[in-house]
Each structure stands twice: as structure tokens, then as C-alpha cells.
Amino acid sequence: PALASAAGGDATSYVNLTIGSGGFRFGATGDNPGPQLPFGTMRLGPDTAEGALFTDIVLPFQHYGGYSFYDQRVRAFSHLHLVGAGVADYGNFGLMPARYTGEAGLSKLIAGKHRAAAMDKATEQAVPGWYSVHLPRPAGAAVNLTVAGTHAGLHEYAFDDHGGEAACAVVLDVCHTASGNTQECLEASASTNATSGPLRVQASMRMHGSLTGRAPNGSIGLHFVAE
């Protein structure tokens with residue numbers, strides 16, 4: 001009856017994108033609540049971790065879609081996700097807002113240390129075509145994700161005004177994966193045109209996951225461009 005009353009109107013308010021993203025059993029969390037156009041290759045979304053005692057725990061069978069509803073921390077926001085496949089794959093080209101102080105702090109970010117952040121679950125919203133969440137300190141950023149086409153998406157990271165000397169950054173991890181297994185990443189490379197004009201980043205890698213590893217040559221090539 002509720003859906004019938006919405007006939008001719010906006011029925012998206014009845015969509016719950018977190019269905020299939022919780023529970024504790026094999027493959028229970030196979031859905032990622034990030035935005036995607038119907039039949040689109042691009043599916044932006046958060047890749048999370050349990051985060052017990054500030055340790056980023058990623059059980060692969062709980063993160064086949066990269067995301068588990070009951071997790072309290074996020075590792076990155078990546079671009080490709082499986083839905084209900086029951087195996088670990090994709091979660092490629094992870095972006096993550098972060099803050100750092102000095103060259104030592106930047107080196108730790110590049111090395112993958114202190115990059116994951118807590119999520120304010122009370123601010124998390126997932127509706128068709130849009131995902132948003134706020135990351136409290138130390139990351140201190142509001143995150144908004146949407147898709148602009150079958151192969152294109154938009155990230156918005158709005159950093160809180162914390163004052164102090166910490167610098168803001170958005171880290172690209174070319175070898176990020178939904179399951180946290182970097183051995184699935186082969187032949188990774190990245191380049192920028194940082195010397196002139198608007199920043200443009202290009203990256204590529206070959207993915208050797210549970211499904212992509214069954215391709216005739218043992219992996220598939222993926223390419224990424226950000227401006």
C-alpha cells in the first residue's frame with residue numbers, strides 16, 4: 001500500500017541500500033551501499049574495517065563487497081565493488097581524506113599507516129545515487145560520493161576547520177582492495193601532471209582476485225583517471 005501511494009512520485013525513499021550489508025556469517029556482507037547507475041561499471045563506496053582497539057581488522061568473508069554495516073572505521077572509498085558474489089575481488093583505486101604534520105607524517109600516510117579513520121555512523125546516509133558520511137578527528141572531513149555515468153564518479157571531501165599546522169590531503173592507493181589483500185594487485189603504476197595546470201592523476205594496475213584471477217591471462221587490467 002505504501003508503494004502504491006507513491007505511484008507517480010518519488011519511490012526512492014523506500015529503498016534501503018544497507019540491506020545485505022550486515023550480519024556475521026560467510027558472505028553475509030556482500031552488498032556495498034555506494035552509488036551506481038543501473039548496469040554501470042562504476043560503483044563508488046566505502047571499504048570498512050572492524051576497528052577494535054584501533055586495529056583495522058578486515059575479515060575477507062565479511063568484506064566481499066568491501067563494506068560491513070557494523071564496522072566503525074573506513075579504510076578508503078574505492079570505485080569497483082562486487083554485489084553478492086561470495087568471493088573477494090575489486091575495491092580498486094582507493095581514495096581517502098587524511099591530515100598529516102611534516103614530512104614524517106606524510107611518509108606514514110604514503111606507507112599506509114594512520115590512514116584509516118573512524119566513521120560517525122549517525123551521519124551515514126545511503127540513498128540511490130548518493131552516499132555520505134562524516135569522519136571525525138583526526139581525519140575531520142565530510143565525504144560525499146555520487147556517480148556521473150557508467151564509468152565516472154564524483155568525490156567531495158570537505159575538511160573541518162581544525163586550526164593548527166596539520167595539512168589536508170587525499171591519498172590515492174592504487175593497490176587498495178576490498179578484502180585488504182594487496183597481493184591481488186599486480187603491475188601498479190601512477191603519474192601526475194603536478195607541474196602545470198589542474199592536477200590530473202592517472203593510474204593503472206592488474207587485478208588478480210577470486211574472479212578476475214580466472215581470466216585467461218590470470219588478471220584483468222584496470223585504469224583510473226582523476227582530476
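A quick note: this is a predicted structure, and the numbers were derived from the prediction, not measured. For the single chain, residues carry numbers from 1 onward in sequence order.
To the nearest 0.5 Å, atoms NE2 (His208) and CD1 (Ile220) are separated by 12.0 Å. In this structure, the separation between NE2 on His151 and CE on Met42 is 8.5 Å, given to the nearest 0.5 Å. The line from CD of Gln36 to CG of Leu145 is 13.5 Å long, rounded to the nearest 0.5 Å.
Taking 4.5 Å as the limit, some side-chain heavy atom of Glu50 sits within range of a side-chain heavy atom of Leu59. With contacts defined as side-chain heavy-atom distances shorter than 4.5 Å, the pair Asn144/Ser132 qualifies. Looking at heavy atoms from C-beta onward, Asp47 lies out of side-chain contact with His63 at the 4.5 angstrom threshold. By the 4.5 Å heavy-atom criterion applied to side chains, Leu135 and Val143 are counted as neighbours. Taking 4.5 Å as the limit, some side-chain heavy atom of Pro97 sits within range of a side-chain heavy atom of Phe77. The closest side-chain heavy-atom distance from Asp31 to Ile19 is not below 4.5 Å. Contact annotation: the side chain of Leu80 never approaches that of Met207 to less than 4.5 Å [non-hydrogen atoms, C-beta and beyond]. Between Tyr67 and Val74, every side-chain heavy-atom pair lies at or beyond the 4.5 Å cut-off.
Looking at His176, its side chain never comes within 3.5 Å of a backbone N or O of Leu95 through a donor-acceptor pair. In terms of modelled atom types and a separation under 3.5 Å, the side chain of Thr123 and the main chain of His134 share a donor-acceptor contact. A donor-acceptor pair under 3.5 Å links the side-chain atoms of Asn32 to the main chain of Pro46, judged by distance alone. In this structure a side-chain-to-backbone donor-acceptor pair under 3.5 Å is present from Gln72 to Tyr70. Using modelled atom types, no side-chain atom of Ser210 and backbone atom of Asp89 make a donor-acceptor pair closer than 3.5 Å. One N or O on the side chain of Thr177 and one on the backbone of Asn181 form a donor-acceptor pair closer than 3.5 Å. Checking side-chain atoms of Arg99 against main-chain N and O of Ala139 turns up a donor-acceptor pair under 3.5 Å. Within the 3.5 Å criterion, the main-chain N or O of Pro136 finds no donor-acceptor partner in the side chain of Asp120. At least one donor-acceptor pair under 3.5 Å links the side chain of Asn16 to the backbone N or O of Thr18.
Hydrophobic clustering (side-chain heavy atoms under 4.5 Å, transitive across Ile, Leu, Val, Met, Phe, Trp, Tyr) keeps Leu109 apart from Val174. Linking Ile, Leu, Val, Met, Phe, Trp and Tyr whenever their side-chain heavy atoms come within less than 4.5 Å puts Leu44 and Phe224 in one cluster. Residues Val201 and Val171 do not share a hydrophobic cluster, clusters being chains of Ile/Leu/Val/Met/Phe/Trp/Tyr side chains in contact below 4.5 Å. Taking hydrophobic clusters as Ile, Leu, Val, Met, Phe, Trp and Tyr residues chained together by side-chain heavy-atom distances below 4.5 Å, Trp130 does not share a cluster with Val133. One hydrophobic cluster holds both Leu172 and Leu199 under the rule that ILVMFWY side chains link at heavy-atom gaps under 4.5 Å.
Minimum heavy-atom separation, Met96 to Ala76: SD-CA, 3.8 Å. Nearest heavy atom pair, residue Phe159 against residue Ala169, reads CZ-O, 3.4 Å. Contact detail for His81 and Arg43: the closest heavy-atom pair is ND1-O, 2.8 Å. Shown here for Arg214 and Val87, the closest heavy-atom pair between the two residues is NH2-CG1, 4.3 Å. For Leu82 against Tyr64, the heavy-atom pair with the smallest separation is CB-O, 4.3 Å.
Taking the six-membered ring for Trp and thresholds of 30 and 60 degrees, Phe93 and His79 have ring planes more than 60 degrees apart, a perpendicular arrangement.
There is a side-chain donor-acceptor pair under 3.5 Å between Ser189 and Ser204. For the 3.5 Å distance criterion, the side chains of Tyr131 and Glu124 qualify, holding a donor opposite an acceptor.
Under 4.0 Å is where a charged nitrogen must lie from a carboxylate oxygen, and between Asp173 and Arg75 no such pair does.
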Go through the steps for His155 and Val170 under the test side chain to side chain contact (heavy atoms under 4.5 Å, CB included), then give the verdict.
CA-CA 10 Å; His155 297 244; Val170 176; over 6 Å; no
Would Phe69 and Thr48 count as a side chain to side chain contact (heavy atoms under 4.5 Å, CB included) here? Give the steps.
CA-CA 9 Å; Phe69 180 79; Thr48 59; over 6 Å; no
